[in-house]
Structure formats: structure tokens, C-alpha cells
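Report on one structure; see the data block that follows.
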Amino acid sequence: MKALFFSDEINQFHGAMLKSVLLILSLLPISQGILAVWQMSDASSQIMVGFVALSLFSALLILSFYSALKATVLKVVIDEKISNVEQMMVSVYRYVPMLSLAAMVSYLTATL
């Protein structure tokens with residue numbers, strides 16, 4: 001059985017992908033927490049809570065989009081030693097953060 005051994009640069013690329021996807025996945029609990037705080041507040045302070053929540057959530061959404069975009073366009077120098085299958089895996093793996101961001105935003109849009 002042949003195991004895939006990636007270079008150190010691809011391992012760093014994998015770490016950047018994981019950080020980006022974890023930032024995107026943090027949108028769900030933060031949105032649920034914001035919604036719970038907004039529903040618990042009384043009517044007079046809901047405007048202020050909504051403004052702060054919208055500002056916080058939009059900043060986090062911009063950061064996660066920037067992280068996903070940065071991970072998508074990250075250049076990985078691929079050695080000649082790497083097979084075509086591994087090169088194809090890296091090229092497909094490059095789009096995982098942007099796809100997860102699109103899925104998370106569409107899920108949040110549908111539920112909220």
C-alpha cells in the first residue's frame with residue numbers, strides 16, 4: 001500500500017486551509033449566539049443589540065471571505081516528484097474554503 005507523502009509546503013497549505021474553514025465554521029455558533037441575545041433583549045434595546053450584532057457579524061463574514069479568497073489563490077510550488085493524482089488533489093482542495101463559505105452563507109440565509 002502506497003501512502004501519500006506531501007512536502008512541507010503542502011502541509012503548510014493544509015494548515016492554511018484548516019484555519020480558513022474553522023473561521024468559516026465559527027459563523028454558525030456566533031450567529032446563533034447573536035440571535036439568542038437579540039431575542040432575550042427587551043424592545044427598547046433591540047435596535048442597539050441588532051446594530052452591534054450586524055456590525056460584528058459582517059466583520060466576521062468579511063474576514064472569513066478574505067481568508068477563503070486568500071486560501072483559494074495561494075500558490076503552491078509543486079515538485080516534479082509529486083504524481084499527477086497528488087497535483088489534482090491539491091488543485092481541487094484549493095476550493096474547499098470558498099465552497100464551505102458559500103454553503104454556510106446559504107444555510108444562514110435560509111434559516112435566519
Side-chain angles (χ1 to χ4, degrees):
M1 180 200 270
K2 181 183 180 231
L4 298 175
F5 291 108
F6 294 119
S7 67
D8 193 38
E9 186 172 311
I10 294 179
N11 285 332
Q12 291 174 355
F13 176 67
H14 178 67
M17 290 293 168
L18 288 178
K19 288 177 190 175
S20 178
V21 169
L22 287 176
L23 181 64
I24 292 166
L25 288 177
S26 71
L27 289 172
L28 186 62
I30 288 176
S31 68
Q32 295 301 317
I34 287 172
L35 186 63
V37 168
W38 185 68
Q39 289 176 347
M40 287 187 331
S41 63
D42 56 349
S44 62
S45 63
Q46 275 187 346
I47 293 173
M48 186 65 179
V49 170
F51 176 73
V52 170
L54 186 63
S55 300
L56 177 71
F57 191 72
S58 64
L60 185 63
L61 192 63
I62 290 170
L63 285 175
S64 60
F65 175 73
Y66 176 73
S67 173
L69 187 64
K70 187 177 166 185
T72 302
V73 298
L74 188 66
K75 297 291 181 193
V76 178
V77 177
I78 299 176
D79 298 332
E80 290 82 26
K81 297 182 289 187
I82 296 178
S83 68
N84 290 337
V85 174
E86 292 171 348
Q87 289 177 2
M88 189 175 60
M89 285 173 51
V90 169
S91 65
V92 169
Y93 188 55
R94 179 182 312 270
Y95 297 105
V96 168
M98 197 59 80
L99 289 173
S100 63
L101 178 66
M104 183 62 68
V105 168
S106 64
Y107 174 75
L108 288 174
T109 303
T111 58
L112 297 179

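Note: His14 and Tyr93 have parallel aromatic rings, judged against thresholds of 30 and 60 degrees for the angle between ring planes.
One distance of note links CG of Leu23 with CG of Leu61; it measures 9.5 Å at 0.5 Å rounding. Note: Ser67 OG to Ile62 CD1 = 13.5 Å, rounded to the nearest 0.5 Å.
Looking only at distances, no side-chain donor or acceptor of Ser20 sits under 3.5 Å from a matching main-chain atom of Ala16. Side-chain atoms of Ser55 come within 3.5 Å of backbone atoms of Phe51 as a donor-acceptor pair (strictly under, hydrogens ignored). A donor-acceptor pair under 3.5 Å is formed between the side chain of Gln46 and the backbone N or O of Trp38.
Closest approach of Met98 to Thr72, counting heavy atoms only: CB-OG1, 4.0 Å. The shortest non-hydrogen separation linking Val73 to Arg94 is C-NH1, 4.3 Å. The two residues Pro97 and Val21 make their nearest non-hydrogen contact at CA-CG2, 4.1 Å. The heavy-atom pair separating Phe57 from Leu108 by the smallest distance is CZ-CD1, 3.6 Å. Ser64 and Ile24 get closest at one heavy-atom pair: CB-CG1, 3.8 Å.
Using a 4.5 Å cut-off between side-chain heavy atoms of Ile, Leu, Val, Met, Phe, Trp and Tyr, with links allowed through other members, Leu54 and Val105 fall into different hydrophobic clusters. At a threshold of 4.5 Å between side-chain heavy atoms, the hydrophobic network of Ile, Leu, Val, Met, Phe, Trp and Tyr places Val52 and Leu27 in two separate groups. Residues Ile34 and Tyr107 share a single hydrophobic cluster, defined by chaining ILVMFWY side chains whose heavy atoms lie under 4.5 Å apart. Linking Ile, Leu, Val, Met, Phe, Trp and Tyr whenever their side-chain heavy atoms come within less than 4.5 Å puts Leu28 and Phe65 in one cluster. Hydrophobic clustering keeps Leu22 apart from Tyr66 (ILVMFWY residues linked when any side-chain heavy atoms are closer than 4.5 Å, directly or through intermediates).
Put simply, the side chain of Ser26 reaches to within 4.5 Å of the side chain of Leu60, judged on heavy atoms.
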